[in-house]
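Here the structure is laid out as structure tokens; the discussion comes afterwards.
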Number of protein chains: 2
Amino acid sequence: MLRVAVDIVLFGYAEQQLQLLLIRRKYAPIAWALPGGFVLDEEDLDTAVARELQEEAGVADVYLEQLYTFGAVARDPRRRVISVAYYGLVKPEKFTLSATTDSAEAKWFRFDNLPELAFDHADIIGVAHQRLRAKVTYQPVGFELLPDKFLFSDLQRLYETLLGRELDRRNFRKKILSFSIVEETGDKQQNVAHRAGSLFRFNKERYAEMVQSGFYFEL
Amino acid sequence: MLRVAVDIVLFGYAEQQLQLLLIRRKYAPIAWALPGGFVLDEEDLDTAVARELQEEAGVADVYLEQLYTFGAVARDPRRRVISVAYYGLVKPEKFTLSATTDSAEAKWFRFDNLPELAFDHADIIGVAHQRLRAKVTYQPVGFELLPDKFLFSDLQRLYETLLGRELDRRNFRKKILSFSIVEETGDKQQNVAHRAGSLFRFNKERYAEMVQSGFYFEL
DNA sequence: ACAAAAGTGTTACTTATACACCCATGA
DNA sequence: TCATGGGTGTATAAGTAACACTTTTGT
């Protein structure tokens, strides 16, 4: 009998690297996998996603978007499962991961160093990564990934990581400032063996506008 | 019990208007609806889409992309159905519609004059239309919608229809020609009460490259 | 004094926009 | 000859891309 599941690709950014949340499955196949699980008969897809993320990793209150639905007959060799995949961006430091119902463990992995994955989860992650890279060029991304206060160079490194190429410091600063989505907090970096950088924050109102209206970022 | 369906939003372009394919349902609720139906237990999503399009409208060999998965509990009031929606673009004159298994009738409607629709199909169409409009700005669209030979003004009218605003004739021509995706056939329009326009065709190879690499069209 | 990252402007080039007149044809 | 849509170029504005030196701070 055909069943429907959700799977969640949750990206984080820490140690200047893109990170991905995975869980260790308790039941066969015992392997690392995306958090997710079956959709209940009387539950919306969004609800199922939130519930599974809570149950399997102890993560709540995350903004997720639907990614794609994976429905190949053989994607789960045991029985037919159609999976609706979601993806989202978070600041890993905001969450304390906890293993619970169906997972032995939940853990952040560096995106460039993922373990073997169950089912077709590697494919799902590939699609999510592609989507994230596309999103970066037409919507501001960062608010969800960076801490409240950050250096301009942090933001630039994030973009460089996501886009996979280097950006010119002056042009990057000009472009971002021209959108008025970040503003100086007035604070500076402390105890560094070089000139202290200014700490910035996102302007939430402006940021929300930009997310809505689109953006066209190409550096 | 939870079931999975596919629904197909098929756009056409005829009489200088955007068109949409709908079917008249044979069973309750008797109403106009998107072609689509349940996914069989041993059938990929793509296969289900192709089968339903053939069964309900007699349409085959169409390129479709997955749009979004609609999973609200109450979207079908009778039982839980999660629907994976697809959308595509075709030239209506290439198909002869036929009613078959589950549909009393299949018919093209002008997009700006759609009937009442079953279930949440109006929502699905809304999402598809939004997606189509977005696609137009970053990928060439037209090959799928226009006949083999067409006037430059046909192409412009198509874009104007899709984007919902007027475009400058000279700038439009310059831009499109700069991509080398269309070329002159050498033929001209016949029997018109004004200067005959040149007929163009798409350069398929170049077009395929453009679809791949992206495009950024903004007039 | 040196190492390390922060901060800052200008110029050249490319791309987008705005705009108006003549041409060919059939009725 | 008139009505209709086809065809064409240029000037200006805006945006993007390339590029290097000085500042601050801790060791």
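The structure displayed is predicted, hence computed values, not measured ones. Below, chains carry the letters A, B, ... as their sequence lines are ordered, and counting in each starts from 1.
- Of all nucleotides listed (C:dC19, C:dA20, C:dG7), C:dA20 comes nearest to the side chain of B:Arg169.
- Put simply, CD on A:Glu184 is 14 Å from P on C:dA6, counting in whole angstrom units.
- Between A:Lys135 and A:Glu65, at least one side-chain N (NZ, or NE/NH1/NH2) sits under 4.0 Å from a carboxylate O, which counts as a salt bridge.
- The nearest heavy atom of DNA chain C to A:Lys188 and to A:Ala193 marks one nucleotide each, and the one closer to the 5' end goes with A:Ala193.
- In this structure, the separation between CG on A:Leu151 and CZ on A:Arg157 is 8.0 Å, given to the nearest 0.5 Å.
- In this structure, the CD atom of A:Gln190 is 9 Å from the P atom of D:dG26, given to the nearest Å.
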For residues 113-126 of chain B, please give each side-chain donor-acceptor pair under 3.5 Å, one per line with the distance, not counting sequence neighbours.
unit_1: B:Asp120; atom_1: OD1; unit_2: B:Arg75; atom_2: NE; d: 3.3
unit_1: B:Asp120; atom_1: OD1; unit_2: B:Arg75; atom_2: NH2; d: 2.9
unit_1: B:Asp120; atom_1: OD2; unit_2: B:Arg75; atom_2: NE; d: 2.8
unit_1: B:His121; atom_1: ND1; unit_2: B:Leu34; atom_2: N; d: 3.0

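- The residue from A:Leu20, A:Val90, A:Leu162, A:Leu21 that alone fulfils the side chain to side chain contact (heavy atoms under 4.5 Å, CB included) condition with A:Phe11 is A:Leu20.
- In this structure, B:Phe172 places its CZ atom 19 Å from P of C:dT15, rounding to the nearest Å.
- Between the NE2 atom of A:His194 and the P atom of C:dA4 there is a distance of 10 Å, rounded to whole Å.
- The heavy-atom pair separating A:Lys91 from A:Pro147 by the smallest distance is CD-CA, 4.2 Å.
- Taking side-chain N and O atoms only, A:Ser198 has a distance below 4.0 Å to OP1 or OP2 of C:dG7.
- Between the C1' atom of C:dA6 and the CZ atom of A:Phe150 lies a distance of 16 Å, rounded to the nearest Å.
- The base of D:dA17 does not come close enough to the side chain of A:Arg170 for any donor and acceptor atom to sit less than 3.5 Å apart.
- At whole-Å resolution of the value, CZ in B:Phe200 and P in D:dG6 are 11 Å apart.
- When ring centroids are compared, A:Tyr68 and A:Phe70 come within the 6.0 Å threshold.
- A salt bridge links A:Glu209 with A:Arg206: at least one charged nitrogen is closer than 4.0 Å to a carboxylate oxygen.
- A sub-4.0 Å separation between OP1 or OP2 of C:dG7 and a side-chain N or O of A:Arg173 is present.
- One interatomic measurement links the two molecules: CD of A:Gln189 to P of C:dA4, which rounds to 15 Å at whole-angstrom precision.
- If you measure from atom CZ of A:Phe152 to atom C1' of C:dT8, you get 12 Å, rounded to the nearest angstrom.
- OP1 or OP2 of C:dA6 sits under 4.0 Å from a side-chain N or O of A:Ser153.
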Anything under 3.5 Å between a protein N or O and an N or O of nucleotides 10-15 of chain D, put it in a table, one pair a line.
unit_1: D:dT10; atom_1: O4; unit_2: B:Lys174; atom_2: NZ; d: 2.8

